[in-house]
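Down below is the structure, laid out as structure tokens.
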Amino acid sequence: MDENVQDNESRRTREGSWREWKKMCAAGLCNKESGADLRHFGAARYSLYMRRYGALAGGAEHQNAEHGWHLLETHAAVGTDRRGKRYKDWLFARADQSPDWVSAVESGASLLMRDAVRENLRREYSPAWMTSIQQPLSGGESSPLTLEDLLPDGVDPSDAVAEREWNELSRVHARETLPQLTECEQVVIWARGEGMTLNDPSLSARTGTSESILYKTHRAAVENICSELKNRYRDTSTACLIRLAGLILQELHRLISEQKSSQKTDSGFFKES
Amino acid sequence: MNWPSHRIVPCPARQRRQLAEWLAERQIDLALRDPEAGPDVSVRRAPVQYLQGSGNPRPGDIHILKPAPNGTVLGPVYVLLLEDEREGGLLAVPFSRYATPAVPGECLTGLRAMPLRTLCCWNARPERAEQLLPGHVKRLSAGKREQLRETCRRVLCGESLTDLLARDFGPPLVHPADPRYAYLDEERRRLDLHLTINEPDERRIIEYGERNAGQKTWLMAAEGRADYGPKPQDGK
């Protein structure tokens, strides 16, 4: 199963239940055994995802688990007729490609359930409305970034002279920063400057690291540059600092390109893209 | 320290609220995922034979893409078919998995069905009939189709939006460490997996307008501008 859901409460569903469900449109219209089979599956998956989300879900999992299957049917449908329930075609087509049909259809239904639970959590438990713009972003990893950092007030360089001054300032900082960057940091900054995605397999091969490490490396490197600017220019607006950080990264990209293309060992890779 | 002269342009509170909503939804999404989930590499049987749908795909039809042959850990991909004004065929424009537009290349559709609320214009690709599950899931009215076609055209051509139109689009990407970059990579690869295209990036991404000719336009279409990365006029 590509969605490796294991749950003590879950048991394997019957192929016949799924096929009857597809024919009859909704679990409520299936015979008692098939309907119960699917509702049990839905309740187990629903509870699993609610538990996975953790404390924010509170006690809701116990109140709503029995409605899990109904939530899936409601969320996934685009309309009330058969045409609007073509997600079932996707589910079955996916399962038909697999050597283990029942596991594959359960896996696909788990993905649909996960989306339904996500939507439910977004509506019922999302803390977005009370997020402060100076509060560090929540998430798996600690980050100094805030909403204000991500969306600062904009900076509009007023003339060509100002633009030239911004560029000169960024060149000074880029030259200071470059020697402090690790090889991996240089690669990801260069790649982003090229407009590449960091999940490009050639980058993982070049650096010998996973894509998740590449994302973390890029984020850490950029955050370091921003923190350094923040420390150095304490009274300067966030908008100016972000503007400067962006220019420094562009300049770093240019310097790294120049540096790498002059090195024989790396020239092939850095010229590829 | 003397700073270069500049003028501060206030960021609308609406954009920050929109971004907070998107980040909250993204956080929930990531928390629900199986941490060890990866592409399913199990041996597949021969591709399934699909029942034929009624008629050819038409502009304004919404379809589901056939499941990715090499496995995926995300749900079905819904696409809206629109006229491709430059190439003459159809474009497949994917819908987002999220309720809120993430970037300036994404917009609210006004459709109520949950999988159809947000359109990712930036990730549009040329349609290929063999990649669609047979039969449309919905057919848009002529008015709605025209509205979304015009919206998509503006994004792909890099045209500016009126203040009223811009309200339906996502907030700008400014900070180079913005977590939305990872989302854009993920969505782009998701489409690649479904379309199983083995061409270089430049050929599989739609290029619109002289301004962006020859550039990797997908990121710029998503961002709505090119603050980070090569500038459009810096042609290589």
Side-chain angles (χ1 to χ4, degrees), chain A residues 2-4 49 52-53 75 78-79 83-84 86-87 89-90 93-94 96-97 99 111-112 114-115 117-119 121-122 126-128 131 133 137-139 145 147 149-158 162 165-166 193 195 197-199 215 219 222-223 233 236-237 239-240 242 245-246 249, chain B residues 1 3-11 15-16 19-21 23-25 27-32 34 36-37 40 42-45 47-48 50 64 66-67 69 71 73-76 97 99 113-116 133 135 137-138 171 174-178 182 185 188-189 216 219 227-230:
Chain A
D2 47 16
E3 173 65 2
N4 188 21
Y49 288 126
R52 190 176 283 180
Y53 188 63
H75 178 275
V78 165
R83 190 174 292 157
R86 285 214 154 110
Y87 69 90
D89 292 348
W90 173 83
R94 196 174 177 279
D96 287 342
Q97 293 177 335
L111 294 176
L112 296 173
R114 196 176 70 187
D115 285 347
V117 171
R118 170 164 57 82
E119 174 62 19
L121 288 168
R122 184 188 75 82
S126 173
T131 305
I133 63 168
L137 300 177
S138 51
L145 291 178
L147 262 186
D149 288 332
L150 294 185
L151 281 184
D153 293 333
V155 174
D156 180 15
S158 54
E165 288 176 4
W166 279 108
T197 65
L198 297 186
N199 57 21
Y215 278 103
R219 188 164 170 171
V222 174
E223 284 174 358
Y233 308 118
T236 308
S237 72
C240 286
I242 298 295
L249 286 163
Chain B
M1 167 80 211
W3 283 87
S5 58
H6 61 271
R7 187 170 62 86
I8 295 291
V9 184
C11 172
Q15 291 185 341
R16 285 184 176 141
L19 181 57
E21 286 171 3
L23 288 168
E25 192 173 1
Q27 186 195 340
I28 296 169
D29 186 22
L30 296 178
L32 291 180
D34 183 342
E36 293 177 8
D40 182 0
S42 59
V43 177
R44 302 286 186 184
R45 292 205 297 238
V48 65
Y50 295 97
I64 301 177
K66 287 177 185 173
V73 291
L74 299 171
R97 296 179 298 112
M114 279 182 253
L116 310 180
L133 278 177
V137 298
K138 186 178 178 70
V174 181
H175 199 292
D178 196 308
D185 288 354
R188 184 174 175 235
R189 185 161 75 174
K216 290 172 179 170
L219 190 56
D227 258 3
Y228 183 38

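Hydrogens, waters and symmetry mates are skipped; everything else that's a heavy atom, side chains included, is used. Every chain is numbered from 1 and lettered A, B, ... according to where its sequence line falls, protein lines coming before strand lines.
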Practice task
Report the option among B:Arg189, B:Arg97, B:Lys138 that has the most heavy-atom pairs separated by less than 4.5 Å from atoms of chain A.
Solution key: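 Looking at each of B:Arg189, B:Arg97, B:Lys138 in turn, B:Arg189 comes out on top.
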Exercise for the section: Would you mind checking which part of A:Tyr87 comes under 4.5 Å of any heavy atom in chain B, side chain (CB onward), backbone (N, CA, C, O), both or neither? Expected result: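 Looking at A:Tyr87, backbone and side chain both touch chain B.
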Flag side-chain contact, heavy atom, 4.5 Å: [X] against [Y]:
| X | Y | answer |
| --- | --- | --- |
| A:Leu111 | A:Trp90 | yes |
| A:Arg114 | B:Leu74 | yes |
| B:His175 | A:Leu145 | yes |

Exercise for the section: Using non-hydrogen atoms and a 4.5 Å limit, figure out which bit of B:Arg16 sits close to chain A: side chain, backbone, both or neither. Expected result: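 Its backbone and side chain both get close to chain A.
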Exercise for the section: List in chain and number order the residues that pass side-chain contact (heavy atoms from CB on, under 4.5 Å) with A:Ser237, two or more places apart in sequence or in another chain; answer none if no residue qualifies. Expected result: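 A:Ala239, A:Cys240, B:Ile8.
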Practice task
Check side-chain contact (heavy atoms from CB on, under 4.5 Å) between B:Pro115 and all other residues, then give those that pass, not counting sequence neighbours.
Solution key: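 A:Val78, B:Tyr78, B:Ala113.
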Exercise for the section: Could you have a look at A:Val117, A:Thr236, A:Leu198, A:Asp149 and say which one has the most heavy-atom pairs with chain B under 4.5 angstrom? Expected result: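 Of the candidates given, the most pairs with chain B belong to A:Thr236.
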Problem - Most chain B-contacting option - heavy-atom pairs closer than 4.5 Å, from A:Leu112, A:Ile242, A:Asp115 - result: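 Maximum pair count with chain B is reached by A:Ile242.
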